[in-house]
Amino acid sequence: MNLELKQALDEYYKTIKEIRPNYRTCYNSFLEYCNGIYSKCSLRELFERHITIFHIKQACKYYIEKSKKATSVEAVQRFLTSMDYFYRYLKENDIICESLEAGCRRKEIVHDICINLNNELKKKIYLPFDGKRERKILDKQIALLHNQNFYQLGQSIICRLLLTYGFKEKVVVNFKRQDFDSENGKLLINYNGENSISINLFQDIYQDLAEYCTLNKYEERVYLFTKSNGTPLTSDSILGTLKSRLEKMDITNFTPTTVALSGVANLIERGLTLGEIKLLTGFETQKIEDVSQYLLTDENVDKVINEKMK
């Protein structure tokens, strides 16, 4: 066991246990992870020569995988924040780790950890489709879709609807042809006849949707979006062309759900309430709260809340 690391973690935890009691399991997991690879080196050597963000990510994965309850964005953020706090303590004792200077609790780090965990956890951690590289590639692929092919134009419209309004997949799949008012550019969101709302579509989406309806020759169709043979879309076909293209570019976290959650993030940033987002998108409360928590990754939460409470 790395006794020097254990002593430092124990001493630091004593100073914060009254306000951060849940950090204990984070530090225990970090110690166990380090014992497996760096049990012999000193505390200074460990942080000044060895520890990198890669090790922090791996230690966080170990923490999540080991815990039965820690399976959320919030749990990942908690672990990374605990490491930021501990590193501040080390700096006060003149131990400097260049890799941790920029902080551990950053959105790209949270995203990387969660995406990798989703291949291993029984319960997925849902995140918005995110990342500058990924979004740039997606935007280019949307632009490359054939706008005279109604199925590909439909995929372009669906993707933009998800990114803009955050509609849950089943909401999009169940849109009826009659739900689109082509004269006024409105779309009816209808939940079994209850809580129906009519939204004004942005002009570019409205115009493309009108063109789509002109190109889609299956006049007898019931559903708004269909496959090339006129049958309703399925989970595999809702963004099939785009997904196959992005997978070839090694982007595996592109699904209707992750794209829609990017739309949920957009709605949160626009100031819609949880109830309004739930009504509009069809997403359950937990997923909306997960996205909201994820958006706070790069924020100083204490500062944000205190500023808003002035």
Side-chain angles (χ1 to χ4, degrees), residues 111 115 124 126-177 179-180 182 185-189 199-216 221 223-228 230-270 272 277 280-283 287-288 291 294-295:
H111 194 268
I115 293 301
K124 279 186 175 291
Y126 286 97
L127 290 177
F129 181 73
D130 203 1
K132 291 181 181 179
R133 170 180 172 268
E134 287 82 0
R135 281 301 302 269
K136 186 177 290 187
I137 290 173
L138 175 58
D139 290 343
K140 286 183 178 179
Q141 290 305 314
I142 290 175
L144 289 173
L145 289 171
H146 199 312
N147 61 11
Q148 291 304 305
N149 175 305
F150 87 83
Y151 176 64
Q152 289 196 19
L153 177 59
Q155 290 208 357
S156 168
I157 295 167
I158 289 170
C159 197
R160 285 180 284 153
L161 283 172
L162 295 176
L163 290 169
T164 304
Y165 301 104
F167 297 128
K168 193 173 183 178
E169 176 186 334
K170 70 176 183 179
V171 174
V172 174
V173 169
N174 286 313
F175 278 142
K176 304 295 193 298
R177 174 66 184 87
D179 293 336
F180 174 53
S182 58
K186 293 179 178 290
L187 186 64
L188 181 68
I189 318 299
I199 61 170
N200 298 313
L201 295 172
F202 286 107
Q203 188 173 12
D204 62 324
I205 296 178
Y206 152 53
Q207 290 176 339
D208 282 351
L209 191 50
E211 176 65 17
Y212 166 84
C213 288
T214 300
L215 291 172
N216 193 334
R221 74 189 191 278
Y223 293 95
L224 180 58
F225 296 108
T226 69
K227 299 180 187 178
S228 296
T231 59
L233 293 178
T234 62
S235 297
D236 293 332
S237 61
I238 186 171
L239 292 174
T241 302
L242 284 171
K243 186 173 183 179
S244 63
R245 290 183 182 182
L246 267 64
E247 283 179 345
K248 290 177 182 177
M249 299 177 185
D250 199 31
I251 297 176
T252 58
N253 60 321
F254 177 79
T255 69
T257 298
T258 60
V259 176
L261 291 178
S262 291
V264 170
N266 174 53
L267 298 175
I268 292 170
E269 291 174 334
R270 283 176 174 267
L272 272 71
I277 294 172
L280 175 62
T281 66
F283 274 111
K287 284 195 176 66
I288 299 170
V291 174
Y294 174 67
L295 292 177

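Quick caveat: nothing in here was measured; it's all calculated off a predicted structure.
We find the CG-OG distance between D236 and S244 to be 11.5 Å, quoted to the nearest 0.5 Å. Taking CZ of F150 as the start and CD of Q155 as the end, the distance is 11.0 Å to the nearest 0.5 Å. Interatomic distance, CG of N200 versus CD1 of I205, reported as 12.0 Å (0.5 Å rounding). Residue L187 holds its CG atom at 8.0 Å from OH of Y165, rounded to the nearest 0.5 Å. Note: N149 CG to T241 OG1 = 8.0 Å, rounded to the nearest 0.5 Å. Once rounded to the nearest 0.5 Å, the distance linking NE2 of H111 with CD of E134 reads 6.5 Å.
Checking side-chain atoms of Q152 against main-chain N and O of H146 turns up a donor-acceptor pair under 3.5 Å. For Y206 (side chain) and S182 (main-chain N/O), a donor-acceptor pair under 3.5 Å exists by modelled atom type. Here the side chain of T164 pairs no donor or acceptor atom with the backbone of L161 at under 3.5 angstrom. Side chain of S237 to backbone of L233: no donor-acceptor contact under 3.5 angstrom is found.
I158 pairs in a side chain to side chain contact (heavy atoms under 4.5 Å, CB included) with only one of the listed residues (Y212, F167, F225), which is F225. Residue S156 is tested with L239, L145, L144 for a side chain to side chain contact (heavy atoms under 4.5 Å, CB included); the sole match is L145.
Surrounding NZ of K176 are more than 12 heavy atoms belonging to other residues, nucleotides or ligands, all under 6.0 Å away. The local environment of CD in Q203 is sparse, with at most 12 non-hydrogen atoms from other residues, nucleotides or ligands closer than 6.0 Å.
Under the salt bridge (Lys or Arg N to Asp or Glu O under 4.0 Å) criterion, R160 pairs with D204, D208, sequence neighbours left out. In terms of the salt bridge (Lys or Arg N to Asp or Glu O under 4.0 Å) criterion, K243 has no residue partners (sequence neighbours excluded).
Pairing each heavy atom of S228 with each of Y151, the nearest pair is OG-CB, 3.6 Å. Closest non-hydrogen pair, C213 versus L224, comes out as SG-CD1, 3.8 Å. Residue I288 comes nearest to I268 through the heavy atom pair O-CD1, 3.9 Å, listed as atom of the first residue, atom of the second, then distance. Summarising the geometry of G166 relative to T281, their closest heavy-atom pair is O-CB, 3.1 Å, with the distance given to 0.1 Å. Nearest heavy atoms, R270 versus F202: NH2-CZ, 3.8 Å. The heavy-atom pair separating V171 from G282 by the smallest distance is CG2-CA, 4.3 Å.
Counting heavy atoms from C-beta outward, V173 and T234 have side chains that stay 4.5 Å or more apart. A heavy-atom distance below 4.5 Å is not found between the side chains of L153 and N216. Taking 4.5 Å as the limit, every side-chain heavy atom of P256 sits out of range of all side-chain heavy atoms of V172. When side chains are defined from C-beta on, F175 counts as touching I189, because their heavy atoms get closer than 4.5 Å. Side chains of D130 and Y294 form a contact here, defined as non-hydrogen atoms less than 4.5 Å apart.
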Would you mind writing out the side-chain donor-acceptor pairs for residues 246-254 within the sub-3.5 Å range, not counting sequence neighbours?
none

### Message
Using the rule given for side chain to side chain contact (heavy atoms under 4.5 Å, CB included), can you reason through L261 versus V264, listing the C-alpha separation, both sets of side-chain angles and the distance that settles it, and then say yes or no?
### Response
CA-CA 5 Å; L261 291 178; V264 170; 4.2 Å; yes
### Query
Could you walk me through whether R135 and L163 pass the side chain to side chain contact (heavy atoms under 4.5 Å, CB included) check?
CA-CA 11 Å; R135 281 301 302 269; L163 290 169; 3.9 Å; yes
